[in-house]
Amino acid sequence: MKNTNSTPSRGRPMSPDVHAAIIDAVLGLLKNQSVGDLTIKGIAEAAGVTRPAIYRRWSNVTEIALEAFLKKTERHIPTPTDMPFADALKAHIQAMVKFMAGRGGRIACELIGDSQRDAKIQSLVWTQFLDVRRRQAYGLFEKALSEGCLDPDTDIEWAIDLYAGPIYYRALTGRLKAHAPVWDKLTEHVLRAIGYKAPH
């Protein structure tokens, strides 16, 4: 992923190998540490680089962690297109819950939390992670609309919020369980709320 955080520097160009070493070091550290535990000193030692080499590329730890997270994380959630909408939505929600209940989801929650204090991070988290997933989910609903399973006036934005909201809320509050029966119920509630009609 192109580094959107770095600024043009004077003199010798920045080495892509050093950049990659820093990202790899952060990914290694995040296996056992939270974003809040990371330090520039620790990252520099793990990457075998100097602290100035890091500050030439990023302003703070959160920016580095976000880039590393986006490089490592699959930003798309499976959205099956070869099954009825109700089944596809259920599979999509289950995949989303599984991710958010895992290590990747915990890091995502930390970054979302940190983004509340940093408009730049907030913009990157939205455009490069959250909105990517929402746009993919749009495809499921648009297909259902084309098949006549949903009312033409269905607000897809709100339909997505109906299931994404509870998942992110529980993840952010540490109450998300991947295999809880509540997620099948959530699918049923969403289908009812948007007036889904199975095709004949």
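Predicted, not measured: the structure shown is a model, and the values here were computed from it.
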Taking 4.0 angstrom as the limit, do R106 and E110 come out as a salt bridge?
-> no
Minimal heavy-atom distance between G42 and L29, with the atoms involved, is O-CD1, 4.2 Å
Please walk me through it: do L89 and Y196 pass side chain to side chain contact (heavy atoms under 4.5 Å, CB included)?
-> CA-CA 11 Å; L89 181 62; Y196 169 72; over 6 Å; no
Axial cation check for Y138 ring with R133, 6.0 Å and 45° limits = no
Aromatic ring centroids of Y163 and H92 under 6.0 Å?
-> yes
Go through the steps to decide whether L176 and Y168 satisfy the test side chain to side chain contact (heavy atoms under 4.5 Å, CB included), and finish with yes or no.
-> CA-CA 8 Å; L176 185 65; Y168 281 107; over 6 Å; no
Determine, step by step, whether N60 and D118 satisfy the side chain to side chain contact (heavy atoms under 4.5 Å, CB included) criterion, reporting the C-alpha distance in whole Å, the side-chain angles of both residues, the deciding distance to 0.1 Å, and the verdict.
-> CA-CA 11 Å; N60 54 56; D118 189 322; 3.8 Å; yes
So CG of D17 and CG of D24: to nearest 0.5 Å the spacing works out to 10.5 Å
Could you tell me which non-hydrogen atom of A68 sits nearest to which non-hydrogen atom of L27, and how far apart they are?
-> O-CD2, 3.3 Å
So how far is it from E142 CD to F85 CZ, rounded to the nearest 0.5 Å?
-> 11.0 Å
Carefully, step by step, assess V125 and I112 under the rule side chain to side chain contact (heavy atoms under 4.5 Å, CB included).
-> CA-CA 7 Å; V125 168; I112 291 170; 4.0 Å; yes
Check the pair H179 / Q94 against side chain to side chain donor-acceptor pair (under 3.5 Å), numbers first and verdict last.
-> CA-CA 9 Å; H179 303 295; Q94 288 175 334; over 6 Å; no
Contact check, side chains of F69 and Q128, non-hydrogen atoms, under 4.5 Å | no
Just do the salt bridge (charged side-chain N to carboxylate O under 4.0 Å, His left out) check on R134 and E157 with the steps written out, would you?
-> CA-CA 8 Å; R134 289 181 73 88; E157 283 284 341; 2.7 Å; yes
Is it true that E63 and R57 have a side-chain N and a carboxylate O under 4.0 angstrom from each other?
-> no
So, E147 and K143, do they make that salt bridge, N to O below 4.0 Å?
-> yes
Exercise: do T154 and D151 side chains pair donor with acceptor under 3.5 Å = no
Specify the closest pair of heavy atoms between V26 and A65, including all atoms of both residues, with the distance to one decimal.
-> CG1-CA, 4.1 Å
Here the gap from I40 atom CD1 to S59 atom OG, rounded to the nearest 0.5 Å, amounts to 9.5 Å
Answer yes if the ring centres of W183 and H189 are under 6.0 angstrom apart, and no otherwise.
-> no
Between L66 and F129, is any pair of side-chain heavy atoms under 4.5 Å apart?
-> no
Evaluation steps, side chain to side chain donor-acceptor pair (under 3.5 Å), between D184 and T187 = CA-CA 5 Å; D184 289 342; T187 304; 5.3 Å; no
